[in-house]
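Worth saying up front: this structure is predicted, and the values here are computed from it rather than measured. Below, chain A is the first sequence line, B the second, and so on; all start at residue 1.
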Amino acid sequence: MSKACFHCGDSINADLEDSVSEGSVSENTESSYQIEYQNQQYPVCCLGCKAVAEFIISGEQTSNYYELRENTGDKVEPDLLESITQWEFYDDKPDFWGEKDSSSEDRDLYLDIGGIHCSACCWLIRNQIEKLAGVEAQSIDAATGVAVIKWQPEKAQFSSILETIARLGYRPSLLGDKINDDEQRNSELKRLVVAGLGMMQVMMYSVALYAGEWDGMDPTYNKFLTWVSLFVTTPVLFYAGLPFIKNALMSIKNFSAHMDIPIALAICSAYTLSCINFFRGQGSVYFDSVVMFIFFISIARFIQHRLQYKNMKTQQALVRMLPNFVNKVIDGSSSNDKIEKTSVPLSSIHIDEELSIATGEIVPVDAILLSEHAGIEESLLTGESHLISKTKGTQLSAGSINSAQAIHIKATSTSKNSTLSVLGQRLATNNLTKNVFQLQLARFASFFVISVLGLASLTLLYWTRESQFEKGLEAALSVLVISCPCALSLAIPASLAALSHSLHRQGMHVMNSNALIQFSRAKTILFDKTGTLTELSLSNKHIQTQAESEFNQQQCLDLIVALEKNSIHPVARVFHSFETPYTVDNFKEIKGQGVSGSINDCEYVFAQPAYLRTLGIQVPEFFKNNELHLARKVENSHQPYQLLANINLDQHLRPNTQATIKALQDEGLDIQIISGDRDQSVKEVSSQLGIENYLSEQSSQQKYKHIEALQKQHIVAAVGDGINDAEVLNKANISLSFTNATHIAQASADVLLSGQSLAPVHQLYTSCKKLNRIVKTNISWAITYNIIFIPMAALGYIQPWMAALGMSLSSLFVVLNASRLSQIQAPMSKTHTPKIDNTIYTEKVT
Amino acid sequence: MNMIFVLIILAVILLCVAIVVFFWAVRSRQFDDLDVHAYNILKEDEYEKDAANSSGDFSGNKE
């Protein structure tokens with residue numbers, strides 16, 4: 001039985017630990033971590049998670065975080081905890097402290113916090129930082145991870161705020177630019193409420209006025225009620241309706257036909273006409289139509305802007321990938337191992353400054369290598385995840401990963417104009433071209449606007465020629481109001497908002513909702529292999545000790561964990577969650593084949609059989625290359641090395657992969673695998689899944705070309721998780737990634753799936769099909785409605801108030817129809833909630 | 001029936017009051033973070049006490 005980590009929900013390999021403890025060395029069981037919560041012991045997976053969980057539980061007000069959260073936390077890498085104190089660097093640099101308040105010394109600090117999953121996370125962060133004196137969290141957005149924190153420099157310390165957040169297991173980084181739209185949202189909210197309250201009042205008076213027209217009414221009352229209507233309508237028009245008027249004026253200036261022109265024209269002319277009619281004492285007034293119209297349009301705008309804001313998150317992910325701090329070398333003499341270094345923020349690095357990069361770190365700027373040798377992986381830039389050896393004086397690109405020993409470099413660019421930033425800009429422009437669909441919509445809208453304006457003036461012309469100018473004005477007004485593009489413009493955003501919301505509850509986070517429309521029209525889905533379809537894992541059956549060796553399973557595992565600790569190869573990550581008592585000297589990584597190093601003055605190798613054979617070790621032929629061997633160098637023996645153990649790390653499919661692929665194929669989709677991995681292993685996986693089309697050993701560029709070619713024929717979806725999938729994900733019409741994928745893949749994806757299972761892919765596909773059906777009914781409804789009612793309005797059969805009502809009802813129909821999408825139920829949403837939460841919760845309730 | 005003049009003017013005044021109150025609520029940032037407050041009800045009651053003597057368990061860098 002495998003257990004889940006109390007904090008991050010990762011599975012802890014219980015099989016392995018049990019079997020090891022059954023073995024000879026029983027005291028080793030304490031290497032698995034435990035945490036006590038409400039008098040019960042729960043397992044945690046690693047040191048980082050343990051530290052964070054202890055910190056959270058020990059806080060009196062935060063201890064119920066584990067009951068409140070909706071999703072499990074991020075896995076906490078121990079190096080995150082080490083980096084906590086680095087924030088002290090900023091304590092004497094007020095430039096970084098956030099925007100100064102105009103009136104006081106208070107600062108508004110904008111942070112991007114990585115690792116926020118649900119509102120319980122926001123609550124936890126808020127709770128902890130507000131314990132610091134003079135610190136107030138103004139808003140923490142669960143969807144975007146953007147936090148606004150107000151703090152007083154004289155009372156609080158800058159670093160203490162960031163340290164508190166980091167200690168909770170989140171990854172804070174400074175946001176240079178203010179990307180918060182609170183102000184805009186607030187002013188929209190205020191306009192909406194003014195319009196809504198005003199509408200209720202004016203409608204009330206109009207009912208009385210209409211009733212008076214039928215039954216007769218004392219002219220004094222009539223006049224009084226109209227006066228009050230005018231009094232209420234005026235601020236509604238000039239406060240709530242102001243954005244529409246402004247937009248209309250702007251677009252007239254630019255000679256473009258914006259949706260707001262007929263809106264502004266309708267509200268302004270209806271208002272003016274009503275005022276004239278009122279003061280000269282004859283003709284009808286349309287104040288009710290004006291306010292109703294403004295209110296409904298404001299609602300539509302509000303929904304639309306909320307949606308757009310959510311999409312801004314995508315632009316921030318590149319910031320998260322680079323480290324906040326780098327080690328700058330102070331002592332210029334790069335002569336020997338004694339190098340004086342200090343931790344400084346990345347943004348403060350200038351050209352020609354020297355940096356020290358530890359094993360596994362990203363090279364943050366373009367640089368020249370100063371160390372004699374280096375092993376670099378450029379998978380981020382080229383898609384090849386091979387170790388490339390570099391010698392002194394060669395150029396390193398920002399974004400490459402230092403995979404071998406620690407190195408020493410000299411910067412040739414700042415972090416703003418490095419290769420990586422350029423890559424980021426390329427991704428950003430790709431994002432722009434992706435919204436072609438919206439452009440089409442905008443073009444259609446301007447066509448619609450021009451025809452409505454034309455129709456209205458034709459109507460006016462027609463009635464003027466019949467010498468009924470006043471009736472003509474009224475009819476033209478009805479045309480403007482009834483044809484309001486409201487239903488049409490709401491048709492798609494409302495459906496997308498409803499679907500995004502229901503997907504979010506099912507653990508699918510929509511980053512770019514426009515892409516959802518494309519999914520149901522896709523003909524091909526491209527899957528990456530490693531990390532997307534398959535995972536690597538380790539279980540006890542796969543450690544086999546050699547009969548003649550004096551090491552048992554646990555000791556072998558400890559040795560392997562120690563060796564793999566410094567490697568960032570996918571294989572090594574499997575071992576990173578284990579603890580080891582050993583430390584390694586002379587660590588070396590053997591290009592994609594294994595690692596070596598010396599422990600307690602004895603040299604060990606952990607590598608593929610092919611490599612071991614080159615060392616002269618006799619590894620039986622039946623071992624395949626995915627069976628890694630641990631060997632020890634021995635002297636005074638006929639063999640140079642002694643084999644200690646072999647481990648079979650097999651790649652296995654993600655849960656539900658087979659069923660999902662089958663279901664997608666049954667929908668008539670063409671499923672393809674496109675992977676950077678070796679031909680043989682890709683072949684194996686694709687035959688297992690019944691996938692005919694697969695491409696192996698593809699670089700990032702080849703993948704990109706492939707998808708480009710496919711897109712000439714039809715719409716393509718892509719699923720991936722790696723850094724080398726980023727461009728494919730960006731190019732695809734709709735792309736899916738996982739919440740535990742690399743940051744850059746997440747940034748490029750339109751939808752992020754949480755959890756291990758692949759089943760949501762099919763779920764999403766069926767939901768998107770439903771979305772398309774609903775969008776289609778919505779649009780056809782809006783068009784039918786316009787075709788029927790515009791002529792009627794032009795012929796004078798519809799009063800402006802009826803037009804406003806009809807417009808509102810039609811918008812209501814569209815919104816209600818769209819809201820059917822939010823009722824889609826997840827067949828397996830329960831699987832995402834960790835078991836532990838439920839039990840605690842039910843205990844509380846009963 | 002003349003009462004209607006008083007009542008309607010009263011209604012308009014109340015409308016203005018409602019709008020002013022709402023504007024105040026927006027300005028005092030009550031609408032900035034709508035998610036977190038749902039959780040506050042589940043919290044222990046000591047919050048105010050703790051905030052008053054400002055002695056949380058994580059008081060590391062407080063001055």
So which of B:I19, B:I8, B:I9, B:I4 has the biggest tally of heavy-atom pairs under 4.5 Å with chain A?
B:I8

Is chain A contacted by the side chain of B:F22, its backbone, both, or neither, given a heavy-atom distance below 4.5 Å?
side chain

Which of the residues A:Y205, A:F231, A:F224 is involved in the greatest number of heavy-atom pairs with chain B at under 4.5 angstrom?
A:F224

Under 4.5 Å heavy-atom distance to chain B, tell me which part of A:I161 shows up: side chain, backbone, both or neither.
neither

Search all heavy atoms of B:L15 against all heavy atoms of A:G198 and return the closest pair with its distance.
CD1-N, 4.5 Å

